[in-house]
Amino acid sequence: MPELPEVETMVRGIRSHAEGQRIAAFEACPCSCRPLTIRPGLGQIATLVAGTTIVDVTRRAKRVVLKLSSGWAFVIEPRMTGLMLVSDPPDEGHLRVVWKLGTGKRQRSLWFWDRRGLGTISLLNPDQLARLFSDADLGREALEADAELWSRICQATVRPIKVLMLDQSKIAGIGNLYASEILHQARVHPETPAAELRRPQIQRIAQATLEILQTAIRYEGSTLSDGTYRNALNQSGGYQNAHRVYDREGEICPSCKKAQVIRIVQAQRSTFYCPKCQKRR
DNA sequence: ATTAATGTTCAGAA
DNA sequence: TTTCTGAACATTAA
């Protein structure tokens, strides 16, 4: 689940807890899970970061970034089920790694918990870190994309707009859930070839992206029915109650109050939309 | 009891 | 070059 709003919520939830803290240790948790992808190896990272300080907690797309006093940085990708926690986890069995922070009497910990274990943790050198924040691999942050940029990107491809929105190299931060919600608010059919979109539709997509993501951040993200996503204090998000189409197949569209929400599959992912509010063209 | 589905990313193939 | 497919893993629902 963690898309931009959920990762932003993680960052805000751990910031005051981690910023300015010295890293006393970086260790694997004693869980029986298969090992997580950690680059370079966990032991090597532990040596490299011991004694450095976390100077900045920030976000790039769907990744959490812990900048260190050495100029290096941890980059945490929660992927499907990863969480950054500052207190009790949903369960002990899926705790993966711990940062032991502080000195002397003032000790505290920061954890990465991941049920499915698809998440990754990397330690980047300053060059790699600069690349992460450039446009080399990831596109512009979704919250900084204006209609001009959307227009340029849409013109360049015949892929359906919903599929394009998930391409992190074009616009970064939108995931499967928010793509459906954004297109519903923008009244754009998810299967419309991107290059066929006209100016008013593109402007509505740009505007809806900002509104939906900002509102979702205010609600601290979406906790779906499986309950996996939690904030840094292991509390549920609140935006799931505001979803208008996502995971609401068969329900009456809350906008037109007439048509039923439809589920289709695009690029092997579920898309939800209202056939009355979101016409092709 | 199998099969499908679930958010994300990436390698490799078309 | 761009676009598509399947795999990584754990868990739940049908």
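A note on names: the letters A, B, ... follow the listed sequences, proteins ahead of strands, and every chain is numbered from 1. Just so it is clear, the values below take in all heavy atoms, side chains as well, and ignore hydrogens, waters and symmetry mates.
The interatomic distance linking A:Arg39 (CZ) with B:dT9 (C1') rounds to 10 Å, in whole Å. Put simply, CZ on A:Arg34 is 10 Å from C1' on C:dA8, counting in whole angstrom units. Here the C1' atom of nucleotide B:dT6 and the CD atom of A:Glu6 are 14 Å apart, to the nearest Å. Atom pair A:Leu132:CG and B:dT9:C1' shows a separation of 14 Å (rounding to whole Å applied). Atom CG in A:Leu36 sits roughly 13 Å away from atom C1' in C:dA10 (whole-Å rounding). Spacing between atom CZ of A:Arg60 and atom C1' of B:dT8 amounts to 16 Å, rounded to whole angstrom units. One atom, CG of A:Asp137, and another, P of B:dT8, lie 19 Å apart when rounded to the nearest Å. Between A:Glu77 atom CD and C:dC9 atom P there is a gap of 16 Å when expressed in whole angstrom units.
A donor-acceptor contact closer than 3.5 angstrom is absent between the side chains of A:Lys100 and A:Ser109. A donor atom on one side chain and an acceptor atom on the other are not found under 3.5 Å apart for A:Arg22 and A:Thr103.
Checked options A:Glu3, A:His243, A:Glu181; the residue passing with A:Ser222 is A:His243 (criterion: side chain to side chain donor-acceptor pair (under 3.5 Å)).
Taking atom P in both C:dC9 and B:dA1, one finds a spacing of 23 Å when rounded to whole Å. Nucleotides B:dT9 and C:dT1 are separated by 23 Å at their P atoms, to the nearest Å.
A:Arg263 has a side-chain polar atom (N or O) that falls below the 4.0 Å cut-off from OP1 or OP2 of B:dT6. Put simply, A:His94 has no side-chain N or O that comes within less than 4.0 Å of OP1 or OP2 on C:dC9. Proximity of A:Arg115 to the phosphate of C:dT12: no side-chain N or O atom is located under 4.0 Å from OP1 or OP2.
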Protein-nucleic acid N or O pairs under 3.5 Å, nucleotides 2-5 of chain C:
{"residue": "C:dT3", "atom": "OP1", "partner": "A:Thr157", "partner atom": "OG1", "Å": "2.5"}

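Nucleic acid contact class of A:Asn176 (heavy atoms, under 4.0 Å, all strands): sugar-phosphate only. Residue A:Ser270 is classed as a sugar-phosphate contact, given heavy-atom separations below 4.0 Å to backbone atoms only. Using a 4.0 Å heavy-atom criterion, one finds that A:Gly117 contacts no nucleic acid atom at all. As judged by a 4.0 angstrom heavy-atom cut-off over every strand, A:Tyr246 is placed among residues touching the sugar-phosphate backbone only.
Between A:Asp135 and A:Lys170 there is no salt bridge, since no side-chain N of the basic residue sits under 4.0 Å from a carboxylate O of the acidic one.
In this structure, the side chain of A:Glu6 does not engage the main chain of A:Tyr229 through any donor-acceptor pair within 3.5 Å. In this structure, the side chain of A:Ser151 does not engage the main chain of A:Ala147 through any donor-acceptor pair within 3.5 Å. At distances below 3.5 Å, not a single donor-acceptor pair connects side-chain atoms of A:Glu19 with backbone N or O atoms of A:Ser16.
Remark on DNA chain C: of its neighbouring residues A:Arg79 and A:Asp226, the 5'-side contact belongs to A:Arg79, judged by nearest-heavy-atom nucleotide.
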Where each pair must be Watson-Crick or G-U wobble with both distances under 3.5 Å, what dot-bracket representation of DNA chain C is obtained, with crossing pairs in [ ] and other-strand partners as |? .|||||||.|||||

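Environment of CG in A:Asp91: crowded, with over 12 heavy atoms of neighbouring residues, nucleotides or ligands closer than 6.0 Å.
Checked against C:dA10, C:dA8, B:dT9, the side chain of A:Arg116 finds its nearest nucleotide in C:dA10.
In the hydrophobic clustering of ILVMFWY residues, with side-chain heavy atoms under 4.5 Å counting as a link, A:Tyr178 and A:Val261 come out together.
Aromatic rings from A:Phe112 and A:Trp99 are positioned such that their centres are separated by 6.0 Å or more.
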